[in-house]
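Here is the structure we will look at.
Counting starts at 1 for both ligands and their atoms, following the listed order. Sequence positions, counted from 1, serve as the residue numbers for this chain.
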Amino acid sequence: MAVRLDKTDVVVIGLGGAGGVAVEPLTAAGLDVVGLEAGTWLAPKDFAPDELRNNYRGWPQAAQKANREIPVHRPNAGAPDSPRALIHPMMNGVGGTTLHYWAQSWRLNPWDFRVVAETRRRYGAARVPAGSTVEDWPFGLDELESYYDKVEYALGVSGQAGNVNGTLDPRGNVFEGPRSRAYPMPPLRGTEFTDSMGEAARRLGWRPFPGPAAINSELYQNRSPCLYHGFCSRGGCHVSAKGSTAVSTIPRAQATGHLDVVTEAHVTRIDVDADGRAAGVQYLKNGETYVQPAGAVLLACYTYENSRVLLLSSSDAFPRGLANNRGQVGKHYMSHNQGGAVLALFPHKLNRWYGLPAQGVAVDEWADDNFDHAELDFIGGGNLWVYSDQRPIAAASMPTFGRAPRWGSEWKAFVMANADRWVNSYLQKTTLPYEDNYLDLHPTVKDPLGFPVCRVTADYKDNEKRVAVFAQDKMEQWFREAGAIATIRAPIGTMGVTTHAYGGTRMGDDPATNVVDRWGFAHEVPNLGVLGASVMGTSGARNPTLTAQALAWRTADRLAKNWKQIGT
Ligand SMILES: Cc1cc2nc3c(=O)[nH]c(=O)nc-3n(C[C@H](O)[C@H](O)[C@H](O)COP(=O)(O)OP(=O)(O)OC[C@H]3O[C@@H](n4cnc5c(N)ncnc54)[C@H](O)[C@@H]3O)c2cc1C
Ligand code: SF4
């Protein structure tokens, strides 16, 4: 027998990167919010600088809900399932994956909002790749700017502005869209290695800049500046320098007295009333089923679970899944094209045993539409990123660049000599949505509760593969200019389960091709909002979280300001 709780104004499902931001504007407006979070609170002492535990055994996300329902991937509808991952990279905890993410905090560039219109204008309609379902966003960067700004100040983002109200500053990214003011903190400092990479980029005529990070470069909101000792590339920060929502927006929302955080609450479905509006949610906690009625529901469980919860919430009004009467839930899926890095070997030590992956230098010359594609056979591009982060096990797993065997005493001697002389790069590239890349429920694989897991049917297409080769060319050129004596290109792989997953509940004005409207509320269920990168229609060439958080703030703001019309 389910326990029926008192009605609240808003239920937020998942208190991670997106849901954890939304609770601040909701509670500041005086709405009563219940935050249902599958994980628990984690304290700074839970975050150990332990490479084996964090990066290989997947603590603390291992043995959690996410790992009991890892999505299954196949490259296309005719292919067998790929081998299933052992660990889900995402976190269950208050703060979600912002507890252990890298915290690179990018805005999208103006082009990313208008890929179709800009491609047609500059190169002709034929250059939009065949089979792509890409649409322009229902608004441009200018409409999201104030929300980016709110989130940068709410979390604490360190960075160097490149364009404040149209005035360009070459110390920052001159390709970024106009921002209304500078970052709240100066950028994280460089290292000898990242500074030398910056100089090499300048010799090539490029304009390198330090990337933005939700990590304090100085005391902020009474939280410590970063200590640069590293070992947090999949770990939390034990001095709370990382601006996860667990140490910023969520505690502030709690301080209003309007947020009730319920941990270890596994939401299994969203209920609807007789009019087809969201009535509340059902969740499991300690083996008991609870029904939490609410005036509005915000779904913020990360891309895979957002689609899955909707598809599992079928009813008479929505027989194919909630908000899915037009069959759009799960469509327009894409994962960021993060594979295909370039690795480089240098003839000298790089001193990368300290630092963190958000501490680095970027080049945006070859991203988005920042360069002329007229003679090229693709659209989009890649953001090039090199950073300071090396750990013993990862270092010893280095390739030998064809200079030594992969075993025995010669291999050991090579690794001893070169473990601090090689470096990886991070190339984030444009990915587009396609008709045959989608999410649905797996027909046979189930989680321990008996619910089907999410199935990912997706692969990179020609446009993405060409962008990858182009970005690798540029990265190799950059490393060689900096003095690298050997380079290796990693394969781009397939579009499997990832930390940068987009789509499934796309945002757009047309209900025939989009699940949520321009404010983030379901076209078919007006008091159901969806938060996260699942609403994004393009990926851009940079990490998603700040954009997902800006959109989450905007959706929450819309709900708070129009409560009488949207809430029930
Ligand atoms: C190692 C790593 C590095 C990363 N680095 C970066 C980076 O540098 N920059 C960047 O922009 N992004 C980065 N990301 C991606 C980033 O973490 C995500 O984009 C972001 O956390 C997504 O926010 P979200 O709220 O959608 O999901 P999450 O932050 O994962 O939050 C979802 C929350 O929902 C909860 N939940 C899930 N299902 C249910 C359910 N059924 N009931 C109740 N609760 C539920 C989860 O427990 C979780 O707390 C990284 C990710 C990883 C793993
Ligand atoms: S390097 Fe900085 S962000 Fe990472 S754990 Fe240390 S203080 Fe925190």
With atoms numbered from 1 as shown, which atoms in ligand 1 lie under 4.0 angstrom from a non-hydrogen atom of Ala265?
-> 42 (N), 43 (C)
side-chain hydrogen bond (donor to acceptor under 3.5 Å, both in side chains) between Gln390 and Asp420, intermediate numbers included = CA-CA 8 Å; Gln390 191 58 288; Asp420 189 33; over 6 Å; no
All side chain to side chain donor-acceptor pair (under 3.5 Å) counterparts of Gln292, not counting sequence neighbours = none
Ligand 2 contact on Phe47 by region, counting heavy-atom pairs under 4.0 Å | neither
Please find out if less than 6.0 Å separates the ring center of His229 from that of His238.
-> yes
Mark the output for Lys65 as yes if a heavy-atom distance to ligand 1 is under 4.0 Å, and as no if none is.
-> yes
Of all the atoms in ligand 1, which lie at a distance below 4.0 Å from a heavy atom belonging to Met91?
-> 46 (C), 47 (O), 48 (C), 49 (O)
If we number the atoms of ligand 1 from 1 as shown, the ones under 4.0 Å from a heavy atom of Arg234 are 1 (C)
Kindly confirm or rule out an N or O of Ile13 lying under 3.5 angstrom from an N or O of ligand 1.
-> no
Say you draw a straight line from CG of Asn437 to CE of Met334; how long is it, rounded to the nearest 0.5 Å?
-> 10.0 Å
Do Leu42 and Phe47 come close enough that some side-chain heavy atom pair is under 4.5 Å?
-> yes
If we only count N/O pairs under 3.5 Å, is His100 in contact with ligand 1?
-> no
Are Arg189 and Tyr228 in a cation-pi setup, meaning NZ or CZ lies under 6.0 angstrom from the ring centre and within 45 degrees of the ring axis?
-> yes
Could you tell me whether Glu218 atom CD has more than 12 heavy atoms of other residues or ligands within 6.0 Å of it?
-> yes
Where is the nearest protein heavy atom to atom 34 (O) of ligand 1: which residue, which atom, and how far?
-> Gly14 CA, 3.3 Å
Protein contact to atom 41 (N) of ligand 1 [nearest heavy atom, distance to 0.1 Å] | Glu305 OE2, 2.9 Å
How are the rings of Tyr333 and Tyr304 set relative to one another: parallel (under 30°), tilted (30 to 60°) or perpendicular (over 60°)?
-> tilted
Short question: side chain of Lys429, backbone of Arg542 - any donor-acceptor pair under 3.5 Å?
-> no
Check whether the ring centres of Tyr148 and Trp553 lie less than 6.0 Å apart, and answer yes or no.
-> no
Gly17, Gly58, Gly39: member with heavy atom nearest to atom 29 (O) of ligand 1 = Gly17
Ala300 near ligand 1, heavy-atom distance under 4.0 Å?
-> yes
Give a yes/no verdict on whether any heavy atom in Ala548 is under 4.0 Å from an atom of ligand 1.
-> no
Leu36 neighbourhood, listing ligand 1 atoms whose heavy-atom distance to it stays under 4.0 Å | 43 (C), 44 (N)
Give the residue, atom name and distance (to 0.1 Å) of the protein heavy atom nearest atom 46 (C) of ligand 1.
-> Asn92 ND2, 3.3 Å
Residue and atom name of the nearest protein heavy atom (relative to atom 2 (C) of ligand 1), distance in Å to one decimal | Tyr101 CA, 3.9 Å
Atoms in ligand 2 flagged as close to Gly230, the criterion being non-hydrogen separation under 4.0 Å = 1 (S)
Parallel, tilted or perpendicular for Tyr387 and Trp102, by the 30°/60° rule?
-> tilted
Side chains of Glu464 and Leu432 in contact at under 4.5 Å (non-hydrogen atoms) = yes
Step through it carefully: locate the ring centre of Tyr426, locate the ring centre of Trp385, and say whether they are under 6.0 Å apart.
-> no
Contact atoms of ligand 1, heavy-atom distance to Gly93 under 4.0 Å | 47 (O), 49 (O)
Atom 9 (N) of ligand 1: closest protein heavy atom, distance to 0.1 Å, is Gln104 O, 2.8 Å
For Ala533 and ligand 1, answer yes if some heavy atom of the residue is under 4.0 Å from a ligand atom, otherwise no.
-> no
With a 4.5 Å limit on heavy-atom distance, are the side chains of Leu15 and Thr245 in contact?
-> no
With heavy atoms and a 4.0 Å threshold, my read on which part of Ser233 contacts ligand 1 is backbone
Ranked by distance from atom 21 (O) of ligand 1, the top protein heavy atom is Thr97 CB, 3.4 Å
Among all protein non-hydrogen atoms, which one is nearest to atom 47 (O) of ligand 1, and what is the separation to 0.1 Å?
-> Glu37 OE2, 2.6 Å
Aromatic plane relationship, His336 with His500 - under 30° parallel, 30 to 60° tilted, over 60° perpendicular = tilted
Proximal protein heteroatoms (N, O or S) of atom 8 (Fe) of ligand 2, under 2.8 Å | Cys237 SG
To which protein heavy atom is atom 19 (O) of ligand 1 closest, and what is the distance rounded to 0.1 Å?
-> Thr545 OG1, 2.8 Å
Verify whether the ring centers belonging to Tyr283 and Tyr290 lie closer than 6.0 Å.
-> yes
Has Arg179 got its NZ or CZ under 6.0 Å from the middle of the six-membered ring of Tyr183, at an angle within 45 degrees of the ring axis?
-> yes
Close side-chain approach of Val11 and Leu36, heavy atoms under 4.5 Å = yes
One finds that the ligand 1 atoms under 4.0 Å from a non-hydrogen atom of Ala103 are 7 (C), 8 (O)
